[in-house]
Amino acid sequence: MRDVPELPAWLAALLPLRRRASVLADGSQIHRIDHGEPEAPVVLLLHGNPTWSFLWRDVIARLPGLRCVAPDLLGFGLSSRIALHEHSVERHVDALAELVEALGLRRFVLVGQDWGGALGPVLAARMPERVAGVVLGNTSVVLPPRPRGTWFHRFARTPVVSDLAFRGLGFPQNALWVAQGDRRSIRGPVARAYRWPLRRLSDRSGPLALARMVPGSLEHPSIAPLRRGEAWLREFVAAGGPLALVWGERDPILGRALARHERAFPTASVTRTPAGHFLQEEVPEALATAIREVASRAGLR
């Protein structure tokens, strides 16, 4: 365990939750929100690109009685930075699996949005006995037959220009409001909170790396591990495991992905909302309700 990095006063006021930091075997640090009684049923919440555990604060505030663990992926939030070429599905899952082992999380509800939703099932495939239920929002676990990525991901693969935009201009963390149903949901101090961990040029490899991790073809290195995650989730649901889908239909990136997840998982509970991509900022109660229901169905409450 390592001392938790301090936050500036304005940001600490927005994030009044218990935080911790752990050191992995390679010396890198994983920062996390770890809020709730240590012996309470556990919810593991995984963020995506280009956010950090701050994303989950309003959802966690609506989950009394549960222990909510929300780590920052390597390269994001207050976790250690890694080089652009070090980012991969396997690298991030390695770090998450080591953290789960170190914390002794034996059975939990897995919650993920954006890349967090894609990484979560890959993690679960490594330790299937630990996952009691799954909640997904605005993500892509069921891969399309011919993956190309959206315009955002194709742009990230454009040499030079994408480096300038992501690392030089701080894209997309400086413009998250564009992907929202209610653009007022990420403004002012909230928008500043997302920019703050990536304010230095040296901190900005993560958003570009995760955008490039989205497969643009069936030969992309992310395909094999993501297929393992998808296979695990299909088996989990087929065996009666509880799955909830909470979607922001005004998401310009992954809003349409709900349809293929509904086809793949017809028994999943589905909550459609008018939110955008970062639905935690617009409909935290919808996510919290789904988490409570899945925890109950899994026998964790």
Side-chain angles (χ1 to χ4, degrees), residues 1-8 10-12 14-15 17 19-34 44-57 69-103 112-116 118-120 122-123 152-153 155-157 159-176 191-214 221-222 225 278:
M1 197 72 67
R2 182 174 290 183
D3 291 340
V4 179
E6 291 188 10
L7 300 176
W10 67 268
L11 182 50
L14 293 175
L15 193 62
L17 302 173
R19 299 183 296 115
R20 296 287 185 266
S22 297
V23 181
L24 304 182
D26 65 359
S28 58
Q29 176 174 286
I30 292 283
H31 168 265
R32 68 186 187 277
I33 293 172
D34 197 333
L44 180 64
L45 305 113
L46 303 180
H47 71 84
N49 195 15
T51 58
W52 58 299
S53 54
F54 176 84
L55 178 74
W56 295 106
R57 70 199 184 285
V69 178
D72 292 343
L73 296 177
L74 290 173
F76 293 85
L78 301 180
S79 289
S80 294
R81 302 310 188 227
I82 56 177
L84 182 67
H85 71 274
E86 294 181 285
H87 287 267
S88 68
V89 173
E90 300 285 17
R91 179 71 178 89
H92 286 290
V93 172
D94 285 346
L96 292 170
E98 186 176 341
L99 179 66
V100 168
E101 290 281 4
L103 298 181
Q113 182 262 342
D114 190 83
W115 258 114
L119 294 173
V122 184
L123 172 67
F152 171 77
H153 306 108
F155 173 73
R157 294 192 287 269
V160 182
V161 176
S162 62
D163 281 85
L164 174 62
F166 278 80
R167 295 204 274 197
L169 302 178
F171 179 75
Q173 64 269 18
N174 290 343
L176 300 187
R192 184 184 178 194
Y194 287 116
R195 296 193 302 267
W196 183 78
L198 301 172
R199 61 197 181 279
R200 293 184 294 266
L201 190 66
S202 59
D203 292 331
R204 296 177 184 170
S205 293
L208 179 58
L210 260 61
R212 290 179 176 175
M213 276 168 48
V214 173
S222 293
F278 305 101

Check: Do Pro207 and Leu198 have side chains that get closer than 4.5 Å, going by heavy atoms?
Finding: yes
Checklist line | Option from Leu123, Leu119, Val122 for which side chain to side chain contact (heavy atoms under 4.5 Å, CB included) with His92 holds | finding: Leu119
Notebook entry, point to check: Do the non-hydrogen side-chain atoms of Trp56 and Leu17 ever get within less than 4.5 Å of each other?
Noted result: no
Item checked: Atom pair CG/CD of Leu74 and Glu86 - distance to nearest 0.5 Å -> 9.0 Å
Notebook entry, point to check: For Phe54 and His47, what are the C-alpha separation, side-chain angles and deciding distance, and is it a side-chain contact (heavy atoms from CB on, under 4.5 Å)?
Noted result: CA-CA 9 Å; Phe54 176 84; His47 71 84; over 6 Å; no
Checklist line | Plane angle bin for Phe166 and Phe171 - parallel if under 30°, tilted between 30 and 60°, otherwise perpendicular | finding: perpendicular
Checklist line | Separation of Arg167 CZ from Leu201 CG (nearest 0.5 Å) | finding: 8.0 Å
Note to self: Under a 3.5 Å threshold, yes or no: a donor from one side chain and an acceptor from the other, between Ser162 and Arg212?
What the structure shows: yes
Margin query: Rounded at 0.5 Å granularity, tell me how far CZ in Arg204 sits from CZ in Phe76.
Written below: 13.0 Å
Check: Side chains of Ser202 and Arg81: does their closest heavy-atom pair fall under 4.5 Å?
Finding: no
Check: Which distance, rounded to the nearest 0.5 Å, do you find between the CZ of Arg199 and the CD of Gln173?
Finding: 12.0 Å
Margin query: Just so I know, are the side chains of Leu7 and Arg19 near enough to count as touching, which here means a heavy-atom distance under 4.5 Å?
Written below: yes
Check: Of Ile30, Leu73, Leu44, which meets side chain to side chain contact (heavy atoms under 4.5 Å, CB included) against Leu96?
Finding: Leu73
Note to self: If you compare all heavy atoms of Gly120 against all heavy atoms of Leu46, which two are closest, and at what distance to 0.1 Å?
What the structure shows: CA-CD1, 3.8 Å
Next item on the list: Measure across His153 and Val214 and return the closest heavy-atom pair with its distance rounded to 0.1 Å.
Entry: CD2-CG2, 3.3 Å
Next item on the list: Could you walk me through whether Leu24 and Asp94 pass side-chain contact (heavy atoms from CB on, under 4.5 Å), step by step?
Entry: CA-CA 10 Å; Leu24 304 182; Asp94 285 346; over 6 Å; no
Next item on the list: State, with a plain yes or no, whether a side-chain heavy atom of Pro8 is found less than 4.5 Å away from one of Trp196.
Entry: yes
Note to self: Ignoring hydrogens, what is the shortest heavy-atom contact between Asn49 and Ala211? Give both atom names and the distance.
What the structure shows: ND2-N, 3.5 Å
Check: Are any non-hydrogen side-chain atoms of Asn174 and Leu169 less than 4.5 angstrom apart?
Finding: no
Check: Do you know the tightest heavy-atom contact between His87 and Ala83?
Finding: CD2-O, 3.2 Å
Check: Does the side chain of Ile82 reach to within under 4.5 Å of the side chain of Ser28, using non-hydrogen atoms?
Finding: no
Next item on the list: Verify side-chain contact (heavy atoms from CB on, under 4.5 Å) between Trp115 and Thr51, making sure each step is shown before the conclusion.
Entry: CA-CA 10 Å; Trp115 258 114; Thr51 58; over 6 Å; no
Notebook entry, point to check: With distance as the sole test, does Asp72 use its side chain to make a donor-acceptor pair with the main-chain N or O of Ser53 at under 3.5 Å?
Noted result: yes
Next item on the list: Specify the closest pair of heavy atoms between Leu11 and Ala193, including all atoms of both residues, with the distance to one decimal.
Entry: CD1-CB, 3.6 Å
Check: What distance do Asp3 atom CG and Gln29 atom CD have between them, rounded to the nearest 0.5 Å?
Finding: 9.0 Å
Notebook entry, point to check: Can you check whether Pro71 reaches Ser79 side chain to side chain, under 4.5 Å on heavy atoms?
Noted result: no
Check: Do any N or O atoms from the side chain of Arg20 and from the backbone of His31 form a donor-acceptor pair under 3.5 angstrom?
Finding: no
Notebook entry, point to check: Do Asp114 and Phe278 pass the side-chain contact (heavy atoms from CB on, under 4.5 Å) test, and can you show the C-alpha distance, the side-chain angles, and the key distance before you say yes or no?
Noted result: CA-CA 8 Å; Asp114 190 83; Phe278 305 101; 5.7 Å; no
